[in-house]
Number of protein chains: 2
Amino acid sequence: MSDTRQRLIEAALEVLRERGLSGLSARTIAAAADANQALIFYHFKTVEGLIEDACRVTVDAAVAAHRDRFATAETLGDLLAVGREIHATELAAGRVTISAQVLAGARSSEVLARAGKHALDTWIAEIEPALARVLRGTPIAEIADLPGLARAIAASFIGLELYEAVDASGSASALDALERLGILADVVTDLGPVARAAFRRRLRSKS
Amino acid sequence: MSDTRQRLIEAALEVLRERGLSGLSARTIAAAADANQALIFYHFKTVEGLIEDACRVTVDAAVAAHRDRFATAETLGDLLAVGREIHATELAAGRVTISAQVLAGARSSEVLARAGKHALDTWIAEIEPALARVLRGTPIAEIADLPGLARAIAASFIGLELYEAVDASGSASALDALERLGILADVVTDLGPVARAAFRRRLRSKS
DNA sequence: GTCTATAGAGGGATAGAC
DNA sequence: GTCTATCCCTCTATAGAC
């Protein structure tokens, strides 16, 4: 992979992070990469082609980098801690912003829709088995729809990222609240046999 | 309020819904409103000014229209049913899309950031007291951070909307999963005294 | 692979007639 | 309030020299 190509990808991500999709153009990317504008079209055919490639590269690399951490989680408490850690890393690196911006552009571009779907699908493919593993044998696994839950979690982080951009303190308190709710789920997975039986009975009568 | 002004607002919302933020311009709005382009600047000074006004008007109207339904919810189960209903209405009307697009534009425009924040704040102001009312006296209220939880819910719906645009069936399964998780929360709020005491003890030892 | 130059479309915004 | 006409800018993308 040529050096310029790599620099253009990094520049595209940088602009997307800092100025959003509407601040992104062949000109702004080329300026950030300190490269000639025409090279974008030489290397990627179109600006959207560059965004798609850049999005794919970062998401794949980010998920691969966290794969080992996901695998260490054995309980729901572990997984919540891992999730918190990964979220902090990804947010600080601005990679959630990139996914959010690409997803927002999905309405006007099939290419961006494909890239945004790939980003979410890639994360979901990690979250879902981890969730299944830590919930196996708990009362939550009996009622929860795990594939759907993994999807809800991935999508929610995108929403929280957009919220963060307009209200950082509100977004922080939302994350704290989810963390505390995780403690509650942890309690349910960890009930003693008597309480657990009562819980199960209630659950059956409801669903 | 002049007729043209009103038509421009509706046209702006229509374009935002159907073509997203990047498909929005003075020209596309004017075409959709069947009005002269220059009138946008006469009535709203700038295109962003129009978007801000349009966003404010819809969000305020939508929240006001649902206020009575929120007030009817007395239990968590009620509130979940109301939430599901409101979400379906808002999604079908395309109003969640509008908020999502405006929020995505927040990174490149202070005006859009203000409008997006207003949209979320307005919804949160309805969700938070309703949540507090239905959870009063339940074990969940002891552990949950209600203001943060209300914020997390509002933000998550934005994320789910963006997900919906790229994967409708995935998004549907995510919503189903959250609904099922709501049943679980409902069970916790509704435990008998013995199970409840056991649950409380567990909760204290964790937090 | 990299550059300059430019075509050609579309963007925001304004001046000024009516 | 509404219209036409227009300025000037930025955009994607390509042609063609090096």
Side-chain angles (χ1 to χ4, degrees), chain A residues 1-55 57 101-102 104-115, chain B residues 1-55 57 101-102 104-115:
Chain A
M1 175 139 59
S2 95
D3 183 53
T4 302
R5 197 187 144 88
Q6 187 59 35
R7 263 170 40 233
L8 285 172
I9 285 182
E10 271 153 30
L13 295 171
E14 182 190 322
V15 174
L16 209 47
R17 244 190 334 259
E18 284 163 19
R19 299 168 53 179
L21 195 61
S22 66
L24 193 92
S25 74
R27 282 165 162 80
T28 55
I29 296 168
D34 200 20
N36 190 285
Q37 197 219 122
L39 291 174
I40 290 172
F41 303 97
Y42 172 77
H43 285 288
F44 302 94
K45 310 280 185 209
T46 65
V47 172
E48 283 187 351
L50 164 53
I51 302 176
E52 188 183 13
D53 273 22
C55 186
V57 165
Q101 290 295 316
V102 169
R107 266 217 154 56
S108 55
S109 151
E110 283 189 23
V111 178
L112 295 187
R114 205 165 50 226
Chain B
M1 175 142 55
S2 94
D3 183 52
T4 301
R5 197 188 145 88
Q6 187 60 34
R7 264 171 39 235
L8 285 171
I9 284 180
E10 271 153 29
L13 295 171
E14 182 191 325
V15 175
L16 208 47
R17 246 190 332 261
E18 283 163 22
R19 300 168 52 179
L21 197 60
S22 66
L24 192 91
S25 74
R27 282 165 164 81
T28 56
I29 297 168
D34 201 20
N36 190 286
Q37 196 218 124
L39 291 174
I40 290 171
F41 303 96
Y42 173 77
H43 285 289
F44 302 94
K45 310 279 185 212
T46 65
V47 172
E48 284 188 350
L50 164 53
I51 302 176
E52 188 183 13
D53 272 22
C55 187
V57 165
Q101 290 295 317
V102 169
R107 267 217 155 54
S108 55
S109 152
E110 282 189 24
V111 178
L112 294 187
R114 205 165 48 226

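To find a chain, count down the sequence lines: A is the first, B the second, and so on, and within it residues start at 1.
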Query raised in the report: For every nucleotide of nucleotides 2-18 of chain C, 5' to 3': is a protein heavy atom under 4.0 Å from its base (B), only from its sugar-phosphate (S), or from neither (-)?
Result: BBB------BBBB----
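Partners of B:Glu18 by side chain to side chain donor-acceptor pair (under 3.5 Å), not counting sequence neighbours: none found. Scored by the side chain to side chain donor-acceptor pair (under 3.5 Å) test, A:Arg114 finds A:Glu52 as partners (sequence neighbours excluded). In this structure, B:Thr4 has no side chain to side chain donor-acceptor pair (under 3.5 Å) partners at least two apart in sequence or on a different chain. Remark: B:Glu48 pairs with B:Ser109 by the side chain to side chain donor-acceptor pair (under 3.5 Å) rule, at least two apart or across chains.
Regarding B:Gln6, its CD atom lies at a distance of 16 Å from the C1' atom of D:dG1, rounded to whole Å.
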Donor-acceptor pairs are to be reported for all side-chain atoms of residues 32-46 of chain B against protein atoms at under 3.5 Å, with residues two or more places apart or in another chain.
{"unit_1": "B:Asn36", "atom_1": "OD1", "unit_2": "B:Ala38", "atom_2": "N", "d": "2.9"}
{"unit_1": "B:Thr46", "atom_1": "OG1", "unit_2": "B:Gly49", "atom_2": "N", "d": "2.9"}

